[in-house]
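First comes the structure, then the notes that go with it.
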Number of protein chains: 2
Amino acid sequence: MTTIYQVSELAGVSLSSVSRVMNNHQHVSENTKNKVLAAMEQLDYRPNETARSLASSCSNCIGILVSELHGPFYGDMLSGIESELRAVGKHSIIAAGHSDESSEIEAIRFLIDRNCDALILLVDAVSDDYLINLSKGSTPFALINRQIPELTENCFYLDNKLGGYLATKHLLDQGHREIAYISGPISKQDANERLIGHKNALTEFNLEFNNDLFFEGDFLTKSGQIGIKKLLEGKQKFTALSCANDEMASGAMRGARDFNLDIPADCSIMGFDNAFFTEYLYPQLSTIDYPIKNMAQMATHWILKNVYKKSNLTIENLFTPTLILRESTTSI
Amino acid sequence: MTTIYQVSELAGVSLSSVSRVMNNHQHVSENTKNKVLAAMEQLDYRPNETARSLASSCSNCIGILVSELHGPFYGDMLSGIESELRAVGKHSIIAAGHSDESSEIEAIRFLIDRNCDALILLVDAVSDDYLINLSKGSTPFALINRQIPELTENCFYLDNKLGGYLATKHLLDQGHREIAYISGPISKQDANERLIGHKNALTEFNLEFNNDLFFEGDFLTKSGQIGIKKLLEGKQKFTALSCANDEMASGAMRGARDFNLDIPADCSIMGFDNAFFTEYLYPQLSTIDYPIKNMAQMATHWILKNVYKKSNLTIENLFTPTLILRESTTSI
DNA sequence: TTGTAAGCGTTATCAT
DNA sequence: ATGATAACGCTTACAA
């Protein structure tokens with residue numbers, strides 16, 4: 001391994017000068033700069049990032065915590081972050097929290113221990129208070145898909161209420177009046193807000209929320225299948241179904257087939273998230289786009305701006321969902 | 001930040017003793033050990049991993065390079081690696097290579113510069129020679145989904161030939177004799193081997209490979225749709241189709257619908273990889289399981305064993321694909 | 001078993 | 001503008 005010493009020796013200058021040109025400090029003469037650059041080139045010198053971190057107490061490393069690494073959602077997020085980061089010579093280290101509180105907390109400690117300059121967190125098990133407290137520590141962090149009033153600056157979230165509204169509004173616009181809803185766990189903020197949006201749309205059309213048309217799932221495929229079964233077996237008929245995410249919608253499509261229902265002719269189905277696989281389904285799923293990649297990039301920009309002091313970056317915290325019309329919904 | 005100094009002071013022992021108990025060295029008396037542990041506890045001491053890396057020239061960090069972070073495949077891989085690694089206090093840093101040669105090379109340099117103790121590479125743009133040369137460097141690496149004779153120890157790969165064979169063999173067993181094939185880019189090793197497996201199965205049944213029943217796609221959905229269209233428009237009839245991956249199979253299913261074909265009644269379709277979304281499709285896709293998560297974990301074990309000298313780990317390099325029967329195939 | 005002291009490869013603070 | 005020199009927080013001979 002070639003070190004800064006050897007470069008300085010070959011260039012005939014001191015350590016400090018080499019360090020200065022490495023870090024683009026001003027007040028270095030063209031002459032020494034050239035000598036150093038030449039020596040670096042000749043030795044194929046690569047600075048030791050660990051040593052730089054230790055000396056500068058800046059690791060150029062961002063910690064990322066997500067619930068799960070697999071699944072259709074997080075890949076887009078990571079991919080957005082990785083490209084932004086590597087373009088500026090920084091990198092990320094990634095951990096999974098598995099939506100379990102103690103596991104998430106442990107993972108956050110793990111990342112902080114690794115001297116991450118900042119964190120990007122997609123967590124749902126940890127409490128608001130924990131995060132508010134964490135914000136008093138010395139590691140800045142961005143929160144994705146979460147809204148905490150005390151931490152607005154750090155939060156990058158979707159207008160879930162609007163999303164839920166948009167989904168149901170679309171069905172209403174198509175003439176549906178009996179609209180079932182399969183929710184995520186209402187204990188989760190996003191699931192809850194999407195449901196509120198659904199209710200808002202109903203209200204706008206002077207429709208009352210009917211509990212017989214409601215099923216609380218767990219965001220997984222299977223619960224969509226189970227949900228639609230329960231709904232179909234209930235007394236209350238419906239011509240459309242809005243689901244709080246695409247997985248459950250896909251499960252619902254399967255469940256509908258078990259009842260020999262034709263989609264969308266017999267029942268329109270809406271998803272939420274616009275996961276890549278929605279295009280693979282038959283019929284292709286109408287859904288609500290969740291711009292997760294943009295959000296992840298924005299969180300990265302926020303860190304670039306606030307931690308690494310890059311300017312020229314405008315930050316937005318609230319993201320707008322959009323309606324994606326495909327084949328699974330039709331007018332009545 | 002509390003350092004080892006403060007711990008040693010509070011415990012009333014030297015730096016080295018603290019370091020020794022941190023690293024579980026033998027030859028430390030119960031007494032000092034307890035004092036140190038107590039002091040650590042009291043100060044909530046967390047060792048500075050950067051400093052440890054620098055002093056020990058071991059970063060406890062594995063670099064991971066994949067083609068893309070999104071898509072149905074890599075999440076499982078990363079998830080397998082992350083859990084194995086964090087369980088032993090190590091971590092990973094992740095980069096994407098985008099199947100572009102210079103980009104992959106740059107990413108590898110990037111990871112090596114970060115002092116990764118080892119790498120896990122899922123690369124397809126970089127040449128065998130490059131990797132053989134890389135193996136002479138000081139950073140050990142594991143290769144996933146690739147087989148290089150000179151580097152057999154480092155390679156963790158699927159028996160793609162067997163997979164291709166299994167897929168077509170299943171179709172043959174079901175009575176099909178006119179079997180079309182949609183391949184990946186044959187310039188890619190895995191695509192090529194899967195095709196060979198297909199041909200082997202045909203041969204076993206005394207069938208000749210028919211070029212009119214062959215289409216070379218690019219592993220993406222769209223090419224499956226285009227492929228089956230071309231095939232259906234050709235003169236040669238077929239009752240079954242084997243695809244070199246699930247994306248193309250899903251595209252083919254869509255393409256078949258454009259021709260009002262019923263699957264599997266009019267045409268059986270096989271996929272390859274067993275991506276999670278194959279269960280969401282209708283009908284659910286029969287496919288070949290690619291145990292990517294196991295393979296990633298095995299690569300991690302290999303590193304644990306060879307780089308970190310953990311014993312009790314048996315390493316296997318070749319993985320066996322298995323047939324997953326679902327709804328998209330039926331006997332004739 | 002324990003402590004001393006010399007690194008690890010940088011950055012950063014001073015002088016000059 | 002440049003160069004000594006002291007950190008950065010830890011590991012690891014080597015000595016005791």
Side-chain angles (χ1 to χ4, degrees), chain A residues 1-37 39-40 43-61 89-90 112-117 138-139 308-309, chain B residues 1-37 39-40 43-61 89-90 112-117 138-139 308-309:
Chain A
M1 161 175 264
T2 121
T3 75
I4 198 174
Y5 283 93
Q6 309 172 31
V7 175
S8 80
E9 201 164 333
L10 181 60
V13 299
S14 73
L15 284 193
S16 339
S17 291
V18 178
S19 176
R20 286 191 190 99
V21 345
M22 272 181 54
N23 297 289
N24 279 313
H25 283 188
Q26 57 248 59
H27 305 311
V28 266
S29 70
E30 277 300 306
N31 191 283
T32 48
K33 187 170 184 173
N34 291 144
K35 283 193 292 186
V36 169
L37 256 19
M40 284 179 166
L43 295 170
D44 189 28
Y45 169 69
R46 323 235 81 205
N48 181 320
E49 298 294 335
T50 307
R52 301 181 80 172
S53 295
L54 181 59
S56 66
S57 59
C58 165
S59 63
N60 287 309
C61 168
K90 316 212 174 287
I112 291 177
D113 283 353
R114 259 85 207 147
N115 278 297
C116 292
D117 296 332
S138 54
T139 307
Y308 298 119
K309 308 303 176 193
Chain B
M1 162 176 265
T2 119
T3 75
I4 198 173
Y5 284 92
Q6 309 172 29
V7 175
S8 80
E9 200 164 333
L10 180 62
V13 298
S14 74
L15 284 193
S16 357
S17 291
V18 178
S19 174
R20 285 190 191 98
V21 344
M22 272 180 54
N23 297 289
N24 279 314
H25 283 189
Q26 57 248 59
H27 307 310
V28 266
S29 71
E30 278 301 307
N31 191 282
T32 48
K33 187 170 185 173
N34 291 144
K35 283 193 292 185
V36 169
L37 257 18
M40 284 178 165
L43 296 171
D44 189 30
Y45 170 69
R46 324 235 82 207
N48 181 320
E49 297 295 335
T50 308
R52 301 180 81 173
S53 296
L54 182 58
S56 65
S57 59
C58 164
S59 63
N60 286 309
C61 169
K90 314 209 175 292
I112 292 177
D113 283 353
R114 260 84 207 149
N115 278 297
C116 292
D117 296 332
S138 54
T139 307
Y308 298 120
K309 308 303 176 191

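So you know, we letter chains A, B, ... as the sequences are listed, proteins then strands, and number each from 1. All values reported here derive from a predicted model rather than from experimental measurement.
Look at CE on M1(A): it is 10 Å from C1' on dC8(C), rounded to the nearest Å. Protein atom CD of Q26(B) is 14 Å distant from nucleotide atom C1' of dT12(D), rounded to whole Å. Counting to the nearest Å, the C1' atom of dA13(D) and the CG atom of L15(B) are 15 Å from each other. The distance between atom CZ of R20(A) and atom C1' of dA12(C), rounded to the nearest whole Å, is 9 Å. Rounded to whole Å, the distance from CE on M22(A) to C1' on dG9(C) is 10 Å. Rounded to whole Å, the distance from CD1 on I4(B) to C1' on dT11(D) is 8 Å. For N115(A) and dC10(D), the CG to P distance is 10 Å, given to the nearest whole Å. Between Q6(B) atom CD and dC8(D) atom P there is a gap of 11 Å when expressed in whole angstrom units.
Comparing dA5(C), dT11(D), dC14(C) by their closest approach to the side chain of S16(B) singles out dA5(C). Closest approach to the H27(A) side chain among dA1(D), dT10(C), dG9(C) is made by dA1(D) (side chain taken as heavy atoms from C-beta onward). Of the candidate nucleotides dT11(C), dG3(D), dC10(D), dC10(D) has the atom lying nearest to any side-chain atom of Y5(B). Across dG9(C), dT11(C), dG3(C), the shortest atom-to-atom separation from the side chain of V13(B) is found for dG3(C). Comparing dA12(C), dT10(C), dC10(D) against the side chain of H25(A) picks out dA12(C) as the nearest. Taking every side-chain heavy atom of V28(A) into account, dT2(D) is the closest of dT11(D), dT2(D), dT10(C). In this structure, the nucleotide among dT10(C), dC14(C), dT11(D) sitting nearest to the side chain of A55(B) is dT11(D). Nearest to the side chain of A51(A), among dC14(C), dC10(D), dG9(C), sits dG9(C).
Taking only side-chain nitrogens and oxygens, N23(A) comes nearer than 4.0 Å to OP1 or OP2 of dT11(C). Considering only side-chain N and O atoms, Y45(B) lies nowhere under 4.0 angstrom from the phosphate OP1 or OP2 of dG9(D).
Between L15(B) and I4(B) the shortest heavy-atom distance is CD2-CG2, 3.6 Å. Contact record, S59(A) with S53(A): CA-OG, 3.4 Å, taken as the closest heavy-atom pair. When every heavy atom of A51(B) is checked against every heavy atom of N48(B), the shortest pair comes out as N-OD1, 3.0 Å.
In this structure, the side chain of N60(B) does not engage the main chain of K90(B) through any donor-acceptor pair within 3.5 Å.
Only one option out of N31(B), V36(B), V7(B), V28(B) pairs with V13(B) in a side chain to side chain contact (heavy atoms under 4.5 Å, CB included); it is V36(B).
Counting non-hydrogen atoms under 4.0 angstrom, V18(B) reaches nothing in the nucleic acid. Among the heavy atoms of the strands lying under 4.0 Å from S19(B) is at least one base atom, whether or not backbone atoms are also near. Backbone-only engagement by T32(A) is indicated by non-hydrogen atom pairs under 4.0 Å involving sugar-phosphate atoms exclusively. Backbone-only contact: S29(A) has heavy atoms under 4.0 Å from sugar-phosphate atoms and none from a base.
Annotation: of the two residues near DNA chain C, L54(B) and E30(B), the 5′-most nearest-nucleotide partner is E30(B). Between S56(B) and N31(B), the residue anchored nearer the 5' end of DNA chain C, judged by the nucleotide with its closest heavy atom, is N31(B).
More than 12 heavy atoms of other residues, nucleotides or ligands lie within 6.0 Å of CD in Q6(B), so this atom counts as buried by the packing criterion.
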